[in-house]
Amino acid sequence: MLAVRRLQLRDFKAGFALALNLLSTIGVSSRESTTARWILVADGDEASATRVAGLLLHARFRAYPAARGLEALRLARRHRLGLAVVDVDLLDMTGCDLVRQLRAIEPGLPVVMTSGDYRPTTEVEARQLGIVQYIHKPVDLHRLELVIARIFAADAELRLALDAPGPGG
């Protein structure tokens, strides 16, 4: 069991290093402008977090994987997030606790919750937090991409409306 956890951690670190390498290759620095929007992928299953973040990177989204809530909070304080994909179970806290703390940092942050737990009470608790989508595992990546595209399109439309000159201007 310990050997499996070490292997998962090594794979997680390798995936994260690959993601950072990909970002530097396409010219994205660790200090982004204030308009950059990142996707936080928090999942207690390190391999799953890395897989989802890697697929989002491949789909040209900017994504950070995190297996621990405290790590996710550090990332949220460092980067401007456009979305958080949070699993119900993290290594050091519940996904719902992470969502509450993320909302303290960024009140309007859209959140997609994922879970392998099919109990209705788990979904009800997550929905009470105002999440935009609840996706059961295994995560349907096509569905997740559609949700992300919808969220970012709405965000872009809002920014265009706010930037548009007013009447007579």
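- The CZ atom of Arg78 lies 9.5 Å from the CH2 atom of Trp38; values are rounded to the nearest 0.5 Å.
- Note: Arg62 CZ to His79 NE2 = 11.0 Å, rounded to the nearest 0.5 Å.
- Shortest non-hydrogen contact noted between Asp43 and Ala49 is CB-CB, 3.8 Å.
- Not a single ring-ring contact (aromatic ring centres under 6.0 Å, His included) links His58 to another residue, sequence neighbours left out.
- Residues Tyr134 and Ser115 share a closest heavy-atom pair of OH-CB, 3.3 Å.
- Salt bridge annotation for Glu125-Arg100: present, with a cationic side-chain nitrogen under 4.0 angstrom from a carboxylate oxygen.
- Here the CG-CZ distance, from Leu141 to Arg51, works out to 5.0 Å after rounding to the nearest 0.5 Å.
- Scanning all heavy atoms of the two residues, the minimum distance from Ala126 to Ile131 falls at O-CG2, 3.5 Å.
- Here the side chain of Arg68 pairs no donor or acceptor atom with the backbone of Leu90 at under 3.5 angstrom.
- Scanning both residues, Leu98 and Ala42, for their nearest heavy atoms gives CD2-CB, 3.7 Å.
- Under the side-chain contact (heavy atoms from CB on, under 4.5 Å) criterion, Ile105 pairs with Leu73, Ala76, Arg77, sequence neighbours left out.
- For the side chain to side chain contact (heavy atoms under 4.5 Å, CB included) criterion with Leu40, the lone passing option out of Leu75, Val111, Leu83 is Leu75.
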Check against side chain to side chain contact (heavy atoms under 4.5 Å, CB included), Thr94 and Val88: CA-CA 6 Å; Thr94 69; Val88 171; 5.9 Å; no
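- Annotation: side chain of Arg150 is not in contact with side chain of Leu146 (no heavy-atom distance under 4.5 Å).
- A side chain to side chain donor-acceptor pair (under 3.5 Å) with Thr114 is found for exactly one of Asp87, Asp89, Asp45, namely Asp87.
- For the atom pair CD (Glu145) and CG (Leu56), the distance works out to 7.0 Å, reported to the nearest 0.5 Å.
- Expressed to the nearest 0.5 Å, how far CE of Met113 lies from OG1 of Thr122 amounts to 9.0 Å.
- Note: Arg103 CZ to Leu129 CG = 7.0 Å, rounded to the nearest 0.5 Å.
- In terms of heavy atoms, Leu57 sits closest to Ala63 at CD2-N, 3.8 Å.
- Put simply, Leu70 and Leu102 are part of the same group of oily side chains (I, L, V, M, F, W, Y) that touch within less than 4.5 Å, one to the next.
- Nearest heavy-atom pair, Ile151 versus Pro110, reported as atom, atom and distance to 0.1 Å: CG2-CG, 3.6 Å.
- Sorted by first and then second residue, the pairs that involve residues 83-128 and meet ring-ring contact (aromatic ring centres under 6.0 Å, His included), not counting sequence neighbours, are Tyr118-His136.
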